[in-house]
Amino acid sequence: MNKIKEVLQQLQNLYDCKDWWPVHKNTDRFLEVSVGAILTQNTNWSNVEKAINNLIRENLLDWEKLEKVKITKLKECIKPAGFYNQKSIYIKNFVKKVKNLPRENVDRKTLLSIKGIGEETADSILLYGLDRPYFVVDAYTKRLFYRTGITGSVNVPYKKLQNMVMETFPQDTETYKLLHALIVEHCKKYCRKKPVCEECSLKKICKQNLK
DNA sequence: AGCCAGGCCAAGC
DNA sequence: GCTTGGCATGGC
């Protein structure tokens with residue numbers, strides 16, 4: 001039997017996740033998701049929220065405004081999200097490249113050509129900002145897949161993990177949003193860096209338990 | 001008081 | 001191609 005199906009189906013039985021990338025009302029979803037995806041690189045979401053709220057308060061969550069705003073001002077706003085020197089440049093790079101592109105022309109390759117946007121950030125933007133069917137692989141995914149025995153190493157290349165999911169499940173945006181949400185939910189609660197295996201519902205099927 | 005969080009890039013093998 | 005170090009804040 002397929003381990004990846006077993007684990008993810010189990011998660012579906014456990015959690016009731018909704019459409020989950022948080023966005024504010026009356027904002028450009030594509031822009032807000034993109035900025036959020038950059039800001040959340042190796043960063044806790046609560047810090048990202050502070051940064052996004054600063055941007056909204058300063059009326060800067062807007063393509064034109066972001067392009068024109070002084071870098072020092074941008075840094076000030078996003079400071080709570082950490083790594084603000086590089087992230088401010090990443091946001092500028094993104095806005096400059098994408099602002100005048102028709103959205104149907106924004107594809108994975110385009111995003112990856114922007115300095116500051118790697119595979120996970122690109123796929124997050126595509127899935128949550130543009131409703132394109134790309135499964136997002138993150139640190140949680142790698143960790144969960146490794147510990148449960150879906151993969152044999154923590155260091156499986158991004159594309160390989162993504163393909164595993166995309167070949168196993170329907171190529172459908174709602175499916176990929178749900179699966180990612182389930183993984184995050186479970187890993188935040190149980191499959192943390194320091195795992196809480198005793199209370200974990202995957203205990204019976206997880207490789208960790210067989211040791 | 002450390003450790004951790006929804007990565008990415010550049011430099012060095 | 002793969003590994004390593006640097007980047008920064010706020011919450012627990």
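Just so we're on the same page: letters track the sequence lines, and every chain starts at 1.
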Return the pairing partner of C/dG6 with a 3.5 Å limit on both distances, Watson-Crick or G-U wobble; otherwise return none.
B/dC8

Write down the distance between CG (A/N93) and P (B/dC9), rounded to a whole number of angstrom.
10 Å

For DNA chain B, whose closest nucleotide is more 5', that of A/I117 or that of A/D138?
A/D138

In terms of heavy-atom contacts, does NZ of A/K99 have more than 12 from other residues, nucleotides or ligands at under 6.0 Å?
yes

Does a nitrogen or oxygen in the side chain of A/T121 sit under 4.0 Å from OP1 or OP2 of B/dC8?
yes

Polar atoms only, N or O, under 3.5 Å: list the protein pairs with nucleotides 6-12 of chain C and their distances.
unit_1	atom_1	unit_2	atom_2	d
C/dC7	O2	A/Q86	NE2	2.5
C/dA8	OP1	A/Y84	N	3.4
C/dA8	OP1	A/N85	N	2.9
C/dA8	OP1	A/N85	ND2	3.3
C/dA8	OP2	A/N85	ND2	3.0
C/dA8	O4'	A/F83	N	2.9
C/dT9	O2	A/N47	ND2	2.9
C/dG10	O4'	A/N47	OD1	3.2
C/dG10	O4'	A/N47	ND2	3.1
C/dG11	OP1	A/K50	NZ	3.4

Residue closer to the 5' end of DNA chain B, A/K188 versus A/L112 (nearest nucleotide):
A/K188

In whole Å, what is the span from the CD atom of A/E120 to the P atom of B/dC9?
12 Å

What's the closest nucleotide to the A/K115 side chain, out of B/dA5, B/dA10, B/dC8?
B/dA10

Where do A/E119 and A/R108 land on the salt bridge (charged side-chain N to carboxylate O under 4.0 Å, His left out) test, with the steps shown first?
CA-CA 8 Å; A/E119 296 193 281; A/R108 198 169 194 270; 3.3 Å; yes

Is there a salt bridge (charged side-chain N to carboxylate O under 4.0 Å, His left out) between A/K188 and A/D138 once you walk through the steps?
CA-CA 13 Å; A/K188 277 186 174 169; A/D138 56 13; over 6 Å; no

Separation of C/dC2 C1' from A/N155 CG (nearest whole Å):
9 Å

Rounded distance in Å - CD (A/Q41) to C1' (B/dC4):
17 Å

Do you know which two heavy atoms are closest between A/E185 and A/Y15, and how far apart they sit?
CG-CD2, 3.5 Å

Between atom CD1 in A/I114 and atom P in B/dG7, what is the gap in whole Å?
19 Å

A/I78 CD1 to B/dG7 P: how many Å, rounded?
16 Å

Side chain proximity check, A/H24 to A/N53, heavy atoms < 4.5 angstrom:
yes

For the pair A/E199 and A/K189, evaluate salt bridge (charged side-chain N to carboxylate O under 4.0 Å, His left out) and give the outcome as yes or no after the intermediate values.
CA-CA 10 Å; A/E199 304 159 44; A/K189 279 189 184 154; over 6 Å; no

Whole-Å distance between C/dG1 P and A/Y158 OH?
19 Å

Separation of B/dC4 atom P from A/R192 atom CZ, nearest Å, is 11 Å

Does B/dA5 have its OP1 or OP2 closer than 4.0 Å to a side-chain nitrogen or oxygen of A/R143?
yes

With a 3.5 Å limit on both atom pairs, tell me what B/dG2 is paired to, counting Watson-Crick and G-U wobble, or say none.
C/dC12

Inspect the surroundings of NZ in A/K5 and state if more than 12 heavy atoms from other residues, nucleotides or ligands are less than 6.0 Å away.
no

